[in-house]
Amino acid sequence: MVSPEVLHELRQTLRKGQQPMADWQGGELAVSAVPGAGKSTGMAVAAAIAIAKLQLHRQKQLVIVTFTRSAVSNIRKKVSEHLKNLHLPQSAFTVSTLHSLAYNIASTHRELSGFGVGETKIISESLKQKLIRNATYLWVKENPKLYDLLLEGRNFDGEDTERLRRQTVLRTDVLPSLAREAIATAKSSGLSPLELRDAKAPDGGNILEIAAGLYETYERLLRQEGAIDYDDMILGALRVLRNDNVRKYWQERIFAVFEDEAQDSSPLQTKLLEILAQHSLAQPPLSSEGAEVKNLMRVGDPNQAINSTFTPADPRFFNEFCDRCHLNAQLSTLDRAGRSTSNIMRAANYVLHWVNHSEYARIEKPFRPQKIRPVDADDPQANANPEPMGKGVEIYTPDDIEREMEMIGDRILQLYAQNPQTSMAILVRQHNQGRFVADALAGLSKEHDIKIYDVEQSDRRSRVPMDMLAILQFMERPHSPDNLKSALEVLKDRQKISSQQDLNALASNPEKFLYPTLLDPSLSTLAQETQSKCIGLLRAKITLPLYNLIPFIAFTLYDEEAGLLATADKLGDRLNQQLVGNYSMQTVIEALREIVESESFEAVEDENLEGRYMAGGQVTIISLHKSKGLDWDVVFMPFLHKRICPGEAYIPEAVKFLGDFGLPEVTRAQIRAIVHGDRLPNAEEAWAQYNYLKQAEEFRLLYVGMTRAKKLLWLSAAKAAPFSWNTLENRTENAPICPAIAELARKFPELLS
């Protein structure tokens, strides 16, 4: 037994807002935390105290669930240290990702999970995309009437060239995207293809019927592969837990569940945790025979929900949980944050308040109304709410993006002259912005020996095998519209061809594009430049030895980017060794396809993110999404234009024949309405809803970026900025600044520099 005095001392290491977590002894508790409030620290102490007070052990464990492997490692380490100091068994708790927990439950009871008795293959993301493409082709073949309706769209005159273009758009873009959206959103919400079909849209449209058909076809192909995806792990665990005896077995082993980053949960994930946390009361009150209690603590920040663009996560679910707990006095708000100086907190709070009372909150408020407050004077955290550097928050509007980077470079030199160990980050919204920043600041490394760590460069390296595969497949079968489209996408992403052209039109008839006759219409100047790039690749296949193709493609795509060229060299060496004696175009393509489908070339999340991303004396270039959970002394946020934040849902010209909306986005909004029990919107209403939700997430992303800064937050937007970051030549003069930042400058004019 650990003495109450020792536990009290451990509790006192927390600030007052965190202490209700340490006081938890059962039941539901929602913890809504602001950035920098120390929710993982509070959770670790609460876990250790709960284990001590409730005398938990191997057969009666506390389960902590989070969403990334690095977070698992971080929380496990903190809890283990507390238990070691308390002389308590390490076996009393377990930490895992939610999917790992679900798969453990499902695979332990294969006869109930639906996984089958043999080894179950978990498909990689790249293999999933291949199945989605195959499902698209199969659906087109099996549903000719619906496909013809899509082809006709509107304003179709039956002309063959337009038909080919529309076929390319549908098969390579619209239908795969629609399938991805339907599978991710519906499956993670527990909706079947039949339930999608039964939900009739008020305008009599057939978008949900198409989505259901694609979803159903994908499921069929997945079963034929004998494979499961990540959502199947959750569904399999839920099927297992329908069995009364098995459910009781797991509930007896798991005393309680603590969930971190709860704002990113899907409905099915929440349902799984609620089942595991549910227990019958040993001595229920007379008025509540058979009463049950959920030993469930959910910790998160709905204002940092920034993943719904990529996942089925929706902050509305966690907000509803918080509201329900609030009615039962089971809500704790961690609003005291020790990360940032007061000016940064004031700026973030004002942005939150302004957005929630602006036109962008007409459908629903993007933020939960909770302010970040400074910690008390006697806070146990050292150096909490530090003194600001400069004004703490500074807003700039330079003439153009080149001048913007010059000013940032000068400011970096000033700050390092004051303290060489200052940690700094430049947060960007798009990969191309990160590349521009890295190129612009290269002189700081060469001339001043300041380390520039480009996280986005690492991400770009991870895509090298996919680039090589796409280009080689085009070289092998250049007359395939799909292969040509994939190669053009790679060239566009690597900024080797202009993005200001309709790639679908070029790819719809490869022969006319690559080898036009005198009778064919002449190509535009941009199309001729693109054609020249493609012809150059095809000539290389004829003139170069096969083993030289990968180095040639690498130089074509990556120019002088040393890291990418080195990655391509390493990939080439591996293929040479793997295929010795059997080196042909076909075997190289097959080997690359196997690498892409079965391996992850993305950088594994480092368990020591602080050492990697937040080192003193270093400038880290990182995306806004990856910056979540990190912090730096100084944060620069350039390129804050209205076109990006909050932006607006965009319909490419190539797909406007389907209507003034995007089919995948409409599907997402309609499925969201089904899940929440709302009225099902028609296509136009769903498109408008999607646009509002997308803008809300962009504002939350802005808020996340602002709250990464501890001592200085630099916000800037150049007056002249690229219309698209894929092509820097086309500039917009007097580009509108992000409206939230414009309002911040109006409210606090002293921040303008």
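The first residue in the sequence is number 1, and the count goes up from there.
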Which atoms form the tightest heavy-atom contact between [X] and [Y], and what is the distance?
{"X": "Ala740", "Y": "Val351", "result": "CB-CG1, 4.0 Å"}
{"X": "Gln304", "Y": "Lys628", "result": "O-CE, 3.2 Å"}
{"X": "Arg403", "Y": "Pro398", "result": "CG-CB, 3.9 Å"}
{"X": "Pro516", "Y": "Gln531", "result": "CD-NE2, 3.3 Å"}

Report yes or no: does [X] contribute a side-chain atom to a donor-acceptor pair with the main-chain N or O of [Y] at less than 3.5 Å?
{"X": "Asn206", "Y": "Glu209", "value": "no"}
{"X": "Glu181", "Y": "Leu178", "value": "no"}
{"X": "Glu159", "Y": "Thr161", "value": "yes"}
{"X": "Lys642", "Y": "Pro739", "value": "no"}
{"X": "Asn143", "Y": "Leu146", "value": "no"}
{"X": "Asn483", "Y": "Gln473", "value": "yes"}
{"X": "Asn691", "Y": "Ala649", "value": "yes"}
{"X": "Asp439", "Y": "Phe436", "value": "no"}

To the closest 0.5 Å, what do you measure between [atom1] ([X]) and [atom2] ([Y])?
{"X": "Leu565", "Y": "Phe555", "atom1": "CG", "atom2": "CZ", "value": "5.0 Å"}
{"X": "Leu469", "Y": "Glu590", "atom1": "CG", "atom2": "CD", "value": "9.0 Å"}
{"X": "Leu506", "Y": "Leu484", "atom1": "CG", "atom2": "CG", "value": "7.5 Å"}
{"X": "Lys496", "Y": "Arg494", "atom1": "NZ", "atom2": "CZ", "value": "9.5 Å"}
{"X": "Asn509", "Y": "Arg163", "atom1": "CG", "atom2": "CZ", "value": "14.0 Å"}
{"X": "Met706", "Y": "Ile741", "atom1": "CE", "atom2": "CD1", "value": "5.0 Å"}

Ring pair (Phe, Tyr, Trp, His ring centres under 6.0 Å) partners of [X], counting only residues at least two apart:
{"X": "Phe636", "result": "Trp714"}
{"X": "Tyr218", "result": "none"}
{"X": "Trp354", "result": "none"}
{"X": "Phe367", "result": "Tyr703"}

Determine whether [X] and [Y] make a side-chain contact, defined as any pair of heavy atoms from C-beta on separated by less than 4.5 Å.
{"X": "Glu529", "Y": "Thr525", "answer": "yes"}
{"X": "Phe639", "Y": "Gln430", "answer": "no"}
{"X": "Ile207", "Y": "Ile210", "answer": "no"}
{"X": "Leu693", "Y": "Glu364", "answer": "yes"}
{"X": "Cys645", "Y": "Leu701", "answer": "no"}
{"X": "Ile401", "Y": "Trp725", "answer": "yes"}
{"X": "Met475", "Y": "Met585", "answer": "yes"}
{"X": "Leu564", "Y": "Leu557", "answer": "no"}

Trace of the side chain to side chain donor-acceptor pair (under 3.5 Å) decision for Tyr396 with Glu394: CA-CA 7 Å; Tyr396 296 84; Glu394 299 172 359; 2.7 Å; yes
Mind checking whether Phe699 and Tyr360 have ring centres under 6.0 Å apart? yes
Is it true that Tyr613 and Trp632 have ring centroids separated by less than 6.0 Å? no
Quick one: do [X] and [Y] make a salt bridge, cutoff under 4.0 Å?
{"X": "Arg429", "Y": "Glu698", "result": "yes"}
{"X": "Glu152", "Y": "Arg166", "result": "no"}
{"X": "Arg165", "Y": "Asp502", "result": "yes"}
{"X": "Asp482", "Y": "Arg171", "result": "no"}
{"X": "Asp314", "Y": "Arg672", "result": "yes"}

Pick one: which of Glu489, Lys485, Arg133, Gln167 meets side-chain hydrogen bond (donor to acceptor under 3.5 Å, both in side chains) with Thr172? Lys485
Taking side-chain contact (heavy atoms from CB on, under 4.5 Å) as the test, write out the residues that go with Gln500, two or more places apart. Ser498, Leu526, Ser724, Thr727, Asn730
Out of the candidates Ile306, Leu427, Val428, only one should pair with Ser627 under the side-chain contact (heavy atoms from CB on, under 4.5 Å) rule; please name it. Leu427
Exercise: do Asn504 and Asp173 side chains pair donor with acceptor under 3.5 Å: no
Neighbour count >12 (heavy atoms, 6.0 Å) for atom CZ, Phe723: no
Do other residues, nucleotides or ligands put more than 12 heavy atoms under 6.0 Å from the CD atom of Glu476? yes
Distance-only criterion, 3.5 Å: show the donor-acceptor pairs between side-chain atoms of residues 654-667 and protein atoms not counting sequence neighbours.
from	atom 1	to	atom 2	distance (Å)
Lys656	NZ	Glu653	OE2	3.0
Asp660	OD1	Arg154	NH2	2.8
Thr667	OG1	Leu663	O	2.9

